Amino acid sequence: MTDETILTNARLVLRDRVVPGTVVIRGGLIAEVAEGPSRAGSALDLDGELLMPGIVDVHTDNLERQVSPRVSARWPSTSAFLAHDGQTAVAGVTTVLDALCLGDLGFDQGRMQTARDGVRDMTALTEAGVLRSEHLLHLRCELPADDMLPMLEDYHDHPLLRMVSLMDHSPGVGQYSDIDRYRVMRVRTGTRAEEVESRIAEMVAQREVRSEPNRRALLAMFGGGTCHSRRMTTGTRTSSPATRRTGS
């Protein structure tokens, strides 16, 4: 008796085309991919269903959405992680880099708790072998934040860490370059107008003082942005090319 599974009469999604065919799996690995049906009596007939490689998602915020489905609601973190894992698996995503935010910019303090809980749950559930997809860590580091580097120091050598993004969601740059729209957004989420103005001034000042030193310290922590020995990468993310920094 061999450890072999044959999937036939499938529509195989290949690199450049979709063809009817067969996939043979031995020892948990793909051994053969062939066009046309299999004549083996043990073959499983997929009845023309699509068969494709698993999707690798390098940036998803779905875990945060499961933890906080609404502004005033917060779900237990482990339950939220398992729900996220189930949604990931049924969507055909076999490897996912869960994006977690490091650094409080004043309006989303709950995201720091989500990050801490998320790393804890990812570690424990991975070690327990209960997750259906492979979950890896993507840390989104807010450069202007006072608490970003201390949080990063806790996780920079985590064995599941694969990506670090250098972010700036402070008002006046990138995604929030239109400060008037930023004001409206914050007021709509329930923050008083005077508090919004005060926090905008604080974040602009923080950006001037913290962003460049934090960026240099982060890159130094990961060897100047070359992390090949750890199978990890760094990168910038912004919605505005004019504000993008290079060299990371």
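Sequential numbering from 1 along the given sequence is applied to the chain's residues. Keep in mind that this is a model prediction, so the values were computed, not measured.
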### Query
Should D104 and R111 be marked as a salt bridge (charged side-chain N to carboxylate O under 4.0 Å, His left out) after you check the CA-CA gap, both sets of side-chain angles, and the distance that decides it?
CA-CA 8 Å; D104 175 25; R111 298 182 81 181; over 6 Å; no
Just checking, any donor-acceptor pair under 3.5 angstrom between side chains of [X] and [Y]?
X: T8; Y: T22; value: yes
X: D61; Y: H59; value: yes
X: R26; Y: T5; value: no
X: S170; Y: D168; value: yes

Does [X] reach the main-chain N or O of [Y] with its side chain, forming a donor-acceptor pair under 3.5 Å?
X: T60; Y: A99; result: no
X: D98; Y: H138; result: no
X: Q66; Y: F81; result: no
X: T88; Y: H84; result: yes
X: Q206; Y: P144; result: yes
X: D178; Y: R181; result: yes
X: S165; Y: M167; result: no
X: S198; Y: E194; result: no
X: H158; Y: Y155; result: no
X: D85; Y: R132; result: yes

### Task
Report the residues that fulfil side-chain hydrogen bond (donor to acceptor under 3.5 Å, both in side chains) with D147, sequence neighbours left out, ordered by chain and then residue number.
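Listed in chain order: nothing, the list is empty.
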### Message
Taking CD1 in I30 as the centre, count heavy atoms belonging to other residues, nucleotides or ligands within less than 6.0 Å. Is the count above 12?
### Response
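No, the 6.0 Å shell around CD1 holds no more than 12 heavy atoms from other groups.
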### Neighbour count >12 (heavy atoms, 6.0 Å) for atom CZ, R74
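Yes, the 6.0 Å shell around CZ holds more than 12 heavy atoms from other groups.
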#### Entry: Cluster check L7, V24: I/L/V/M/F/W/Y, side chain < 4.5 angstrom
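Different hydrophobic clusters.
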### Task
Tell me whether V33 is reachable from L50 by hopping between hydrophobic residues (I, L, V, M, F, W, Y) whose side-chain heavy atoms are closer than 4.5 Å.
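Result: no, two separate clusters.
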### Task
For the residue pair V19 and L14, establish whether any side-chain heavy-atom pair is separated by less than 4.5 Å.
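The answer is yes, as the side chains (C-beta and beyond) meet within the 4.5 Å cut-off.
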Of the non-hydrogen atoms in [X] and [Y], which two are nearest, and what is the gap between them?
X: G103; Y: E142; result: O-CG, 3.8 Å
X: L105; Y: M203; result: O-SD, 2.8 Å
X: L100; Y: E64; result: CA-OE2, 4.4 Å
X: A91; Y: I55; result: O-CD1, 4.1 Å

### Task
May I have the step-by-step check of side-chain contact (heavy atoms from CB on, under 4.5 Å) for L160 and H135, ending in yes or no?
CA-CA 8 Å; L160 296 176; H135 290 260; over 6 Å; no
### Query
Where do E49 and R11 land on the salt bridge (charged side-chain N to carboxylate O under 4.0 Å, His left out) test, with the steps shown first?
CA-CA 6 Å; E49 293 289 344; R11 287 182 291 155; 5.3 Å; no
### Task
List the steps, then state whether salt bridge (charged side-chain N to carboxylate O under 4.0 Å, His left out) holds for E195 with R199.
CA-CA 6 Å; E195 183 179 347; R199 193 57 190 143; over 6 Å; no
